[in-house]
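Remarks on the structure that follows.
Below, chain A is the first sequence line, B the second, and so on; all start at residue 1. For clarity, every value in this text was computed on a predicted model and none was experimentally measured.
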Amino acid sequence: MIGLYSRRRFADRVSKLLMPLAACVGLFFLGWILWTSFAHGLAALRWDLFVNDTPPPGTDGIGMRNAFVGSLILVGCAMLIGIPVGLLAGTWLAEYGGRGRPARAIRFLNDIMLSAPSIVVGLFAYAIVVQPFGHFSALSGSVALAMLMIPIVTRTTDEMLALIGADMREAAAALGAPMWKVITAITWKAARNGILTGILIAVARISGETAPLLFTALNNQFFSADLMHPIANLPVVIFQFAMSPYDNWQKMAWAGALIAIIFILTLSVLSRLILNRGAIKS
Amino acid sequence: MPPAASALPTIARPHGRAMDFCFRHTAGLAAFAAGLMLVATLAAIAWDSALAIKTFGFGFLWTSDWNPVTDRFGAFPFIIGTLVSSAIAMALATPISFGIALFITELAPRRLKQPVSSAIELLAAIPSIVYGLWGLLVFAPAFSKIEPWIDSHLGHLPGIGLLFQGPPMGIGMFTAGIVLAIMVLPFITAIMRDVFVMVPKHLKESAYGLGCTTWEVSRRVIVPYTRTAVTGGIFLGLGRALGETMAVTFVIGNSNTLSASLLMPGASIPSVIANEFTEATTPLYTSSLIYLGLILFGITLVVRLIAAWMLRSMRRNALGRP
């Protein structure tokens, strides 16, 4: 009996040791990744990065201006496509589709799309945009990014609108407001924080995406803002620079990675702040 | 607002009806498009891989040749590479996630719960390109110092020894698995934490009342209650690991030949597509790479469906949660 008792106590002690240890392992890697990114990134950060374009191989110039601008253009265009479609799709699911069969089917397909490998989405953009036009283009990259955005925005919009009580809609409808007015002026406004959070999460997700851009937006050594041509972009430039044998290119990869991390972490923190503020209000 | 209420409906309605019609159908179209994306993606990549499917058939799946010069292609090394690197990732990430989730929900003092939870979630916000960069330039050199130890201690074991032999290069299948494990950790942890919280208090307290230890409550009450959802969460993480491209491409070593050792370089389906797509010179080469994408999509689809099915049963159990 004593044997059983001490064995049970021993198992409990071990588990209570292992659980915090697991948390420490997770935190250790988080700390390690962030620390090295900041240390290498800050050491390589120069004003020239924002002024000059990416240098040709073998030279010791410093610059990533074309990549920063290209990434902003790609993400901006993806937002122009992804936000309206995602917002309207989520609205339809919550306001019109409800629990009906078509809405449930779309939710199911959308949820699967949410976790589709991004490289497969890139292959799709290649098939529907790059092949018909015959060349790589910024537009195809934006289409791929938009397709990664739409499932996220659709799902959060749907979920957030579903949280709004029926009384608010009924009150507006009772005043004689048509359905579209009820949705745009009342429910969207009530769910604003939640919807915005979904959009920010989606933008954060696509800002770091590299795989779908490799064979859509491709890369461009020079500055370009043309949607119909290959465009430089931060993730692919980081990839190219990191894999290169040149020391100054690897340093620039770190600086680019640091800027990407800061941008994406800011969006993530911002989305959480907005969501928390909304929770306090309601 | 005009006080004459009787005038309002006649003015507002026709305008409202036309707008209502437009709004409803625009939104419906968007929803239809969102639902169609999956089907369209499948159709488009199936269409583009038709040439490779016609040439190689299903034999593509178990052929090991990958020779652009002779236009002979086979997916076997890449399918194995994808499955093995993901399996390593899941084997490492699942127990650690389990520990972290239990720590957050059962053990941690109140003021530690939120910070630890948020910090682990932060891992999910780090873009995969940064994982790749860190994996290649920081982790791989550090890991290459441990590899001789693995080789000398595990490399001579009968049977499994073959898995752990090789020169200390730092990059390879095992490194890819470790980096993937860190990447999927936050996703599995989040789901485990969310379902552990849903275990009814009276069940846990009854067990504690009978004199159970924290570990016994976790093992005998929480785990059985949440088993299907936890499995669903693991499959969700697996889906992510299978499709991850950049982090793997950086550290897997990109070798198109299969080797028995986990310490040797390999390649996964996403990594070979990422590396070779823009270099593919013949239509058959491109088509074969897209065929690989189709296979990857098929695998992740199956994994995702299993996850959805498992998580669904939990949602049905959870009362009062939307």
Selection from [options] maximising heavy-atom pairs under 4.5 Å formed with chain A:
| options | answer |
| --- | --- |
| B/A44, B/G243, B/G99, B/A34 | B/G99 |
| B/F23, B/Y131, B/F139 | B/F23 |
| B/T214, B/I104, B/I120 | B/T214 |
| B/T300, B/L294, B/V39 | B/T300 |
| B/L38, B/T41, B/I126 | B/T41 |
| B/L296, B/L42, B/L137, B/V116 | B/L137 |

- Give a yes-or-no answer on whether the side chains of A/T36 and A/W254 include a donor-acceptor pair shorter than 3.5 Å. no
- Item | Residue pair B/S97 / B/T189, side-chain donor-acceptor N/O under 3.5 Å |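 Yes, B/T189 and B/S97 have a side-chain donor paired with an acceptor closer than 3.5 Å.
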[X], part contacting chain B, at a heavy-atom distance under 4.5 Å:
| X | answer |
| --- | --- |
| A/R272 | side chain |
| A/L87 | neither |
| A/Y126 | side chain |
| A/L27 | both |
| A/T184 | side chain |
| A/A204 | neither |
| A/E159 | neither |
| A/L234 | neither |
| A/I150 | side chain |

Among [options], who wins on heavy-atom pairs under 4.5 Å with chain B?
| options | result |
| --- | --- |
| A/L18, A/L265, A/I112, A/V14 | A/I112 |
| A/R205, A/K16, A/R13, A/R9 | A/K16 |
| A/T210, A/V85, A/L34 | A/T210 |
| A/I264, A/I33, A/I106, A/L258 | A/I33 |
| A/A260, A/P102, A/A177, A/S115 | A/S115 |
| A/L267, A/V121, A/I128, A/I261 | A/I261 |

Does the side chain of [X] reach to within under 4.5 Å of the side chain of [Y], using non-hydrogen atoms?
| X | Y | result |
| --- | --- | --- |
| A/F215 | A/I119 | yes |
| B/D48 | A/L123 | no |
| A/V129 | A/F136 | no |

Decide, yes or no, whether a salt bridge links [X] with [Y] under the criterion of side-chain N to carboxylate O below 4.0 Å.
| X | Y | result |
| --- | --- | --- |
| A/R8 | A/D12 | no |
| B/E244 | B/R240 | no |
| B/R193 | B/E121 | yes |

- Task: Just grab all the salt bridge (charged side-chain N to carboxylate O under 4.0 Å, His left out) pairs involving residues 82-102 of chain A, residues at least two apart or on different chains.
- Result: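 Listed once each, the pairs are A/E95-A/R169.
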With a 4.5 angstrom heavy-atom cut-off, is it the side chain or the backbone of [X] that approaches chain A, or both, or neither?
| X | value |
| --- | --- |
| B/A40 | both |
| B/L122 | both |
| B/R304 | side chain |
| B/T286 | side chain |

- Separation of A/F241 CZ from A/Q250 CD (nearest 0.5 Å): 11.0 Å
- For B/S49 and B/A52, indicate whether the former's side chain and the latter's backbone hold a donor-acceptor pair under 3.5 Å.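 Checked: no pair found.
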- Check: A/P178 main-chain N/O paired with B/D20 side-chain donor or acceptor under 3.5 Å: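 Judged by distance alone, no pair lies under 3.5 Å.
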- Start with the C-alpha gap between A/T154 and A/L93, add the side-chain angles, then the distance that decides, and say whether side chain to side chain contact (heavy atoms under 4.5 Å, CB included) holds. CA-CA 8 Å; A/T154 302; A/L93 287 175; 3.8 Å; yes
- Message: Suppose we screen for salt bridge (charged side-chain N to carboxylate O under 4.0 Å, His left out). Which residues come up paired with A/D158, at least two apart in sequence or across chains?
- Response: A/R107
